[in-house]
Amino acid sequence: MHVEFTLNGNRTSIDVEPRKTLADALREDLGQTGTHLGCEHGVCGACTILVDGGPVRACLMFAVQADGSSITTVEGMAGDDGTLHPLQRAFCDRHGLQCGFCTPGMLMTALDLLHREVKPSRERIREEMSGNICRCTGYVGIVDAVEEAAAELHSLDSTVQNHDTPTGSIFDVPTNETLLTPRSREPADPTV
């Protein structure tokens, strides 16, 4: 089946078998190997991506279900010039990763949280990240990283507002506008 969607800001089309998962299509057909496959049951969170602005387990969604959607993977977080997104930088600075296997899913989940909440509490961060399993870090560095990124993005937003510049959103400032513009908060349903 022919499927068309926007991937990290670029219009993409592929031909896939109806039974192929979105995770497999991203990895095998489009070379987006940052979407990791762990449990392939939707439990571990390693394959979390954003579809139409909401988090989705790519291992549970068929590629054909993504037709017409806007998809963001971890590869779309950095700026066009390679500048790391504040979340990516904070994960490095605060030791929010070790082996790195869970990191793409963690970053996508955290990005979704920061689209919805400007300054989430540590408790809220832990709650949101609880659907992603990490066997290495103990989660403290991950929570620290999300908290640090939230503070940086909030600071950037305050700077923008104090200078009356027209960007208007903390998510426009550091990187790829198509990725970081807040969208509808209704998560895509991978079971439809």
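The closest side-chain heavy-atom distance from Cys102 to Asn132 is not below 4.5 Å.
Nearest heavy-atom pair, Arg57 versus Gly131, reported as atom, atom and distance to 0.1 Å: NH2-O, 2.7 Å. Contact detail for Ala150 and Val118: the closest heavy-atom pair is CB-O, 3.7 Å. Heavy-atom minimum distance, Glu75 versus Thr33: OE2-N, 3.2 Å. Nearest approach of Gly53 to Asp112, heavy atoms of both residues: O-OD1, 3.6 Å. Considering every non-hydrogen atom in both Ala58 and Ile49, the closest pair reads CB-CD1, 3.9 Å. Contact record, Thr35 with Leu26: OG1-CD1, 4.0 Å, taken as the closest heavy-atom pair.
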Starting from the C-alpha separation in whole Å, work towards a yes-or-no answer on side-chain hydrogen bond (donor to acceptor under 3.5 Å, both in side chains) for Arg11 and Thr6.
CA-CA 4 Å; Arg11 199 74 188 146; Thr6 301; 3.1 Å; yes

Derivation of the side-chain contact (heavy atoms from CB on, under 4.5 Å) call for Phe5 and Asp67:
CA-CA 5 Å; Phe5 48 80; Asp67 193 43; 5.9 Å; no

Tell me, with the steps shown, if Glu123 and Arg126 meet salt bridge (Lys or Arg N to Asp or Glu O under 4.0 Å).
CA-CA 5 Å; Glu123 181 179 322; Arg126 281 191 295 273; 5.4 Å; no

Report the C-alpha separation of Asp52 and Ser70 in whole Å, then their side-chain angles, then the decisive distance to 0.1 Å, and conclude whether the side-chain hydrogen bond (donor to acceptor under 3.5 Å, both in side chains) test is met.
CA-CA 5 Å; Asp52 295 330; Ser70 177; 5.0 Å; no

Evaluation steps, side-chain contact (heavy atoms from CB on, under 4.5 Å), between Cys59 and Leu37
CA-CA 7 Å; Cys59 73; Leu37 290 169; 3.9 Å; yes

Assess whether side-chain hydrogen bond (donor to acceptor under 3.5 Å, both in side chains) is satisfied between His2 and Glu4, documenting all intermediate values.
CA-CA 7 Å; His2 188 73; Glu4 293 184 22; 3.3 Å; yes

Given the rule in the side-chain contact (heavy atoms from CB on, under 4.5 Å) test, do Leu107 and Met77 qualify, once you have shown the distances and angles that lead to the verdict?
CA-CA 9 Å; Leu107 287 167; Met77 286 186 74; 3.8 Å; yes

Using the rule given for side-chain contact (heavy atoms from CB on, under 4.5 Å), can you reason through Met129 versus Met106, listing the C-alpha separation, both sets of side-chain angles and the distance that settles it, and then say yes or no?
CA-CA 7 Å; Met129 303 305 290; Met106 291 282 186; 3.5 Å; yes

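Without hydrogens or angle criteria, Asp144 side chain to Arg94 main chain gives no donor-acceptor distance under 3.5 Å. Between the His36 side chain and the Phe101 main chain, a donor and an acceptor come within less than 3.5 Å of each other. In this structure, Tyr139 contributes its side chain and Cys134 its backbone to a donor-acceptor pair below 3.5 Å. Remark: the backbone N or O of Ser121 is not paired with any side-chain donor or acceptor of Glu147 at under 3.5 angstrom. Here the side chain of Thr109 pairs a donor or acceptor atom with the backbone of Gly105 at under 3.5 angstrom. Here the side chain of Ser69 pairs no donor or acceptor atom with the backbone of Ile71 at under 3.5 angstrom. Of the possible donor and acceptor atoms, one in the side chain of His85 sits under 3.5 Å from a partner among the backbone N and O of Leu87.
A continuous path of Ile, Leu, Val, Met, Phe, Trp and Tyr side chains, each step under 4.5 Å between heavy atoms, connects Leu22 with Leu30, placing both in one hydrophobic cluster. When the side chains of ILVMFWY residues are joined at heavy-atom separations under 4.5 Å, either directly or via intervening members, Ile14 and Phe62 end up in a single hydrophobic cluster. Both Leu113 and Ile133 sit in one connected hydrophobic cluster of ILVMFWY residues. Membership requires side-chain heavy atoms under 4.5 Å apart, directly or through other members.
If you check the side chains of Thr73 and Asn8, you find a donor sitting under 3.5 Å from an acceptor. Inspection of the Asp24 and Thr21 side chains reveals an N or O donor paired with an N or O acceptor under 3.5 Å.
Separation of atoms CD1 (Ile142) and NE2 (His95) is listed at 13.0 Å; rounding is to 0.5 Å. Expressed to the nearest 0.5 Å, how far NZ of Lys119 lies from CG of Leu153 amounts to 12.0 Å. Between atom OG1 of residue Thr12 and atom CG of residue Leu7 there is a gap of 4.5 Å, rounded to the nearest 0.5 Å.
Using a 4.0 Å cut-off between charged nitrogen and carboxylate oxygen, Lys20 and Glu17 do not count as a salt-bridge pair. Between Arg89 and Glu148, no side-chain nitrogen of the basic residue sits less than 4.0 Å from a carboxylate oxygen of the acidic one, so the salt-bridge criterion is not met. Between Glu128 and Arg116, at least one side-chain N (NZ, or NE/NH1/NH2) sits under 4.0 Å from a carboxylate O, which counts as a salt bridge.
The 12-atom threshold is not exceeded at CZ of Arg19, counting heavy atoms of other residues, nucleotides or ligands nearer than 6.0 Å. For CZ of Arg135, the number of neighbouring non-hydrogen atoms (other residues, nucleotides, ligands) closer than 6.0 Å is 12 at most.
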